[in-house]
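Step one of this worksheet: look at the structure below.
Every chain is numbered from 1, with letters handed out A, B, ... down the list of sequences.
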Protein chains: 2
Amino acid sequence: MAESAKPSGAAKRTRRKTGAITLHQVAQLAGVSPISASRAINTPDQVSPKLLEKVTLAVKKTGYVPNLLAGGLASSRSKLIAAVVPSTVISVFNETIESLNTTLFNSGYQLMLGQSAYSASREQLILDAIIGRRPDGIFLTGLMKSEKIRSQLLATGIPVLETWDLTANPIDMLIGFSHTKIGTAVANFLIQKERRNFAIVRAEDERADRRTRAFIQAVKKQKLPTPFVLNVGASRSIRSGRDAMAEILRSHPKVDAVFCSSDLLALGVLTEAKFQKLDVPRKINVVGFGDIPFVADMIPALTTVRINGMKIGELGARYLIERAEGRTVAEPTVDVGFSIIERETT
Amino acid sequence: MAESAKPSGAAKRTRRKTGAITLHQVAQLAGVSPISASRAINTPDQVSPKLLEKVTLAVKKTGYVPNLLAGGLASSRSKLIAAVVPSTVISVFNETIESLNTTLFNSGYQLMLGQSAYSASREQLILDAIIGRRPDGIFLTGLMKSEKIRSQLLATGIPVLETWDLTANPIDMLIGFSHTKIGTAVANFLIQKERRNFAIVRAEDERADRRTRAFIQAVKKQKLPTPFVLNVGASRSIRSGRDAMAEILRSHPKVDAVFCSSDLLALGVLTEAKFQKLDVPRKINVVGFGDIPFVADMIPALTTVRINGMKIGELGARYLIERAEGRTVAEPTVDVGFSIIERETT
DNA sequence: TTGAAAGCGCTAACAA
DNA sequence: TTGTTAGCGCTTTCAA
């Protein structure tokens with residue numbers, strides 16, 4: 001009878017298992033109880049060296065890989081962190097996500113990616129998908145504006161980190177910087193460069209809007225002409241930057257400085273300026289936003305606003321992990337600031 | 001005694017629950033059994049309208065969000081797909097990941113992101129983290145070379161999709177294209193443009209290596225001088241492209257065409273050419289690889305090799321889902337091909 | 001330091 | 001169409 005357990009009595013109903021090695025089997029092979037095997041694997045310094053050795057050997061022999069779904073269910077700690085990112089192929093968030101992912105992984109956490117949406121119903125769908133996985137933390141690029149989702153998030157008790165912005169009322173933790181300050185700083189920077197006639201090329205984006213408004217205000221404060229604002233909508237490609245610049249040169253030929261809401265847009269502006277053989281920076285100054293990795297090496301090298309995206313990702317991961325492991329973070333709101341990197345376009 | 005169940009006899013040990021609404025509570029509120037509630041939520045057309053209505057109401061009232069960890073454990077279907085991507089901030093894979101993610105989400109799956117590593121031990125770690133989550137499918141950017149991991153992957157029974165390359169021995173499914181054919185095609189394309197003295201700027205990457213070798217072979221076939229190959233190592237930035245071009249112009253001034261292993265490298269080559277006031281394309285032709293979104297709109301617009309990354313992501317998602325749901329895919333290996341997009345640099 | 005029992009929240013299998 | 005029962009594979013609680 002090398003059969004399985006008791007084929008006797010009422011035919012036991014049986015589930016089709018996955019066939020993967022379980023902790024049970026490892027424990028059996030090692031001649032210990034499952035819980036001991038669990039401890040040997042998860043908290044090796046809580047078991048005797050002898051037990052540790054037996055279990056380690058059994059794990060190696062079987063090629064056991066713990067089922068984190070089961071572990072997560074039992075411990076209500078999923079070791080998963082979810083991130084919600086806007087869907088743009090090349091963006092200023094890439095660096096952040098990458099450093100977030102790396103830091104999390106090094107601490108034994110995995111990253112689940114959700115793409116943020118424009119419609120509210122879809123946003124709710126994404127959030128439910130995330131909450132359904134019971135992640136140990138949620139990383140948001142941007143602030144969560146929907147009051148309904150904010151309270152839902154709060155109710156779950158899952159640590160939430162909002163980023164890339166500042167607000168007086170974060171859901172939970174916040175690592176960001178002030179878009180208003182950026183707008184003001186860039187305006188003053190250009191005014192100091194003796195620029196007088198401004199244009200702003202911006203995408204449809206609430207944060208860009210705040211930078212724009214602050215810029216305008218700073219310009220008005222100096223009694224200079226009100227900047228010409230061009231909203232390119234959702235598309236933030238080089239193409240739309242070029243088109244915007246063509247439009248600016250047509251309707252406002254006196255413009256001598258352009259502030260763009262993204263580096264890609266700025267690259268487009270530069271491209272059109274070059275196409276029309278305008279002297280940058282003498283005739284026109286251009287400032288971008290983001291400092292994506294290669295704008296420093298182009299000719300002319302782009303003056304832009306730099307955000308330390310890597311820091312946001314790394315610090316964010318650390319914050320989320322701290323909270324996931326039951327600790328508190330001393331400073332739940334952090335302003336990482338920004339810097340204007342002056343290069344050849346100003 | 002509005003207490004919980006029987007405080008009698010031996011003090012029942014109790015676990016601290018998470019506090020989240022469970023299916024149980026929803027069922028209770030709706031006055032049905034948990035399994036009926038489950039069916040109403042997951043397979044609504046298998047229950048009566050009356051039951052469906054009761055459960056829907058209860059879900060709405062409680063704000064119930066199903067625990068996918070528990071569901072995954074019980075059904076051994078996690079609704080998770082894992083992707084392994086190389087860690088490069090701006091890359092040709094962005095588009096693929098984005099369309100993969102979107103397509104998966106629309107079918108109720110989530111994407112887990114793993115960053116592929118250079119060391120073998122780390123690669124094993126990443127894979128164990130992935131397998132531990134019991135995903136319903138694994139998306140690999142590239143081929144898996146480690147024989148050990150290949151067989152481990154195969155043993156799990158999880159559907160695996162390799163991409164961005166072609167091979168006679170895929171682990172499971174494969175959606176890619178031939179790097180050898182690309183090298184040959186680009187060489188012939190440039191030869192046809194009356195180019196004679198070639199240089200190749202390439203990153204340290206096995207696929208780039210195959211493109212390079214095919215390129216060289218095609219050139220040799222025409223009895224033209226052997227191309228000068230410059231390996232820039234791991235860094236594929238604009239900066240290294242510029243440096244490489246400077247080196248080429250110094251050591252091989254007769255070069256009249258450069259093939260780069262990435263668009264960013266090509267942009268660097270162009271930048272240096274412009275810096276040295278060389279006429280592109282008259283004096284020198286430049287071809288990139290990847291067709292990242294903005295190289296079309298630069299001046300000069302880059303001639304490059306285009307891969308349909310969106311298609312790889314979308315088709316890949318569909319394949320993985322098919323297999324996750326127990327169906328088979330008719331054509332487990334797909335060559336999506338490539339095209340040389342001729343623009344102003346040739 | 002180790003183990004037995006119980007149960008995390010859900011669904012598969014079976015029965016009515 | 002609905003319900004009962006028994007787990008999925010792990011960790012917590014309690015006890016030795």
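- Separating the OH atom of B:Tyr64 from the C1' atom of C:dG9 is a distance of 7 Å, rounded to the nearest angstrom.
- In this structure, A:His24 atom NE2 and C:dA4 atom P are separated by 10 Å, rounded to whole Å.
- Atom CZ of B:Arg133 is separated from atom C1' of D:dG9 by 14 Å (rounded to the nearest Å).
- Whole-Å rounding puts the A:Leu23 CG to D:dT12 P distance at 12 Å.
- Look at CD on B:Gln28: it is 15 Å from C1' on D:dG3, rounded to the nearest Å.
- Contact detail for B:Lys79 and A:Arg133: the closest heavy-atom pair is O-NH2, 2.7 Å.
- Listed in residue order, the members of residues 32-63 of chain A having a heavy atom less than 4.0 Å from DNA chain D are A:Ile35, A:Ser38, A:Asn42.
- Exactly one of B:Thr333, B:Asp165, B:Ile312, B:Thr96 qualifies for a side chain to side chain contact (heavy atoms under 4.5 Å, CB included) with B:Ile175. That residue is B:Ile312.
- Here the closest heavy-atom approach between residue B:Glu162 and residue B:Pro170 is recorded as OE1-CA, 3.4 Å.
- When each of B:Val26, B:Leu29, B:Val55 is tested with B:Tyr64 by the rule side chain to side chain contact (heavy atoms under 4.5 Å, CB included), just one qualifies, namely B:Val26.
- Atom CZ of A:Arg134 is separated from atom C1' of D:dC10 by 17 Å (rounded to the nearest Å).
- Rounded to an integer number of Å, the gap from CG of A:Leu73 to P of C:dC8 is 9 Å.
- A side-chain donor-acceptor contact under 3.5 Å links B:Ser78 to the backbone of B:Arg134.
- Computed from coordinates, the A:Lys79 NZ to D:dT11 P distance equals 11 Å when rounded to whole Å.
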Run the side chain to side chain contact (heavy atoms under 4.5 Å, CB included) check on A:Ser38 and A:Leu23 step by step: do they pass?
-> CA-CA 7 Å; A:Ser38 170; A:Leu23 184 63; 3.7 Å; yes
